[in-house]
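For reference, the structure discussed in these notes is given below.
Naming convention: chains lettered A, B, ... in sequence-line order (proteins, then strands); numbering from 1 in each chain.
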2 protein chains.
Amino acid sequence: MNKAKQTKLEKKGWKLGTADEFLNLSADELAYIELKLALSDKLKAKRVSKKLTQAELARIMKSSQSRVAKMEAGDPAVSIDLLIKSLLALGVSKKELGRSIS
Amino acid sequence: MNKAKQTKLEKKGWKLGTADEFLNLSADELAYIELKLALSDKLKAKRVSKKLTQAELARIMKSSQSRVAKMEAGDPAVSIDLLIKSLLALGVSKKELGRSIS
DNA sequence: ACATAATATGTCAGAAATGACATATTTTCA
DNA sequence: TGAAAATATGTCATTTCTGACATATTATGT
């Protein structure tokens, strides 16, 4: 894990602590974060490809524009559950979901 | 969706309401539930294959035996986040995770 | 059958995620 | 440039999830 990657994650709001703590980030924890960010990216790509605004997507899934923004920003305080529900609401199949995780 | 499947889900604690409501379960909602159950099953299979007890897995991931039991039971009040964290703690790769979702 | 281990079920206080709202910032386009 | 649309950021009350615990039920081995 390089410094650039760390900086990018920290910018998104992930509290990675000191450099020492960061180096101690377990493979599991890292995989979890990467997985979330992969879903975030997928969500944004899918929404844009469908030409929907964040507000429109929010209405479809009975959420709010601000939460959609946070989802796409990879905000740590957004659950994988919500990301997955959003992707399903956009018509992404389980198969496609699985592919975007790997 | 047949009656047998409905019964099985309801037994796990999913509140699907009346038959009418059940028929109105959207494809998204169903996909979400199926996805969760797939992860539940994967978790149990993986734990058993590693010859760990629920209590041992709980210790590894700093949870509790009862929560592990609920995860494996497909309890609706367990997040996908926790299921995924558990699978990662058991050494499942993102790739394998993606495969088990699809 | 019996003890012991493993798993399941119910509950709850505290922690985390949620939708909603206000408002700031950025993008788009005439 | 400047107005309008879209997106981002911050906050908060309510809802949902969590680990922990007690206890019930079920499996395992002798």
Calculate the interatomic distance between [X] atom [atom1] and [N] atom [atom2]; express it in whole Å.
X	N	atom1	atom2	answer
A:Ile80	C:dA17	CD1	P	11 Å
B:Lys62	C:dA16	NZ	C1'	18 Å
A:Arg67	D:dT16	CZ	P	14 Å
A:Met71	C:dA17	CE	C1'	11 Å
B:Leu52	C:dT7	CG	C1'	15 Å
A:Arg59	C:dC21	CZ	P	16 Å
B:Lys51	C:dT7	NZ	P	13 Å
B:Ile84	C:dA17	CD1	C1'	16 Å

Under the 3.5 Å rule, do the base of [N] and the side chain of [X] count as making a donor-acceptor pair?
X	N	answer
A:Lys70	D:dT11	yes
A:Ser66	C:dC21	yes
B:Gln54	C:dA8	no

Worksheet item: Yes or no on side-chain contact (heavy atoms from CB on, under 4.5 Å) for B:Asp28 and A:Met61, after CA distance, side-chain angles and deciding distance?
Response: CA-CA 11 Å; B:Asp28 298 354; A:Met61 43 175 304; over 6 Å; no

Worksheet item: Can a salt bridge be assigned to the pair A:Lys46 and A:Glu96 using a cut-off of 4.0 Å between side-chain N and carboxylate O?
Response: yes

Worksheet item: Between A:Glu72 and A:Arg47, is the closest basic N to carboxylate O distance under 4.0 Å?
Response: yes

Worksheet item: A:Gln65 or A:Leu83: which one's nearest nucleotide on DNA chain C is closer to the 5' end?
Response: A:Leu83

Discussion item. By nearest heavy atom, map B:Thr53 and B:Asp81 onto DNA chain C; which one lands nearer the 5' end?
Written reply: B:Thr53

Worksheet item: How far apart are the C-alpha atoms of A:Lys50 and A:Leu57, what are their side-chain angles, what is the distance that settles it, and do they pass the side-chain contact (heavy atoms from CB on, under 4.5 Å) test?
Response: CA-CA 10 Å; A:Lys50 290 217 158 194; A:Leu57 172 56; over 6 Å; no

Discussion item. Can you tell me if A:Ser79 touches the phosphate of D:dC17, counting only side-chain N or O atoms and a distance under 4.0 Å to OP1 or OP2?
Written reply: no

Practice prompt. Tell me what A:Ser64 touches on the nucleic acid: a base, only sugar-phosphate, or nothing, going by heavy atoms under 4.0 Å.
Written response: base

Discussion item. By the 4.0 Å heavy-atom rule, please label B:Val68 as base, sugar-phosphate, or nothing.
Written reply: nothing

Worksheet entry | Side chain of B:Ala69 - closest among C:dT9, C:dA22, C:dA6 | C:dT9

Fill in: Closest to side chain of B:Leu82, choosing from C:dT18, D:dG19, D:dA8
D:dG19

Discussion item. Testing A:Lys70, A:Lys44, A:Met71, A:Gln65 one by one against A:Gln54 for a side-chain contact (heavy atoms from CB on, under 4.5 Å), which residue passes?
Written reply: A:Gln65

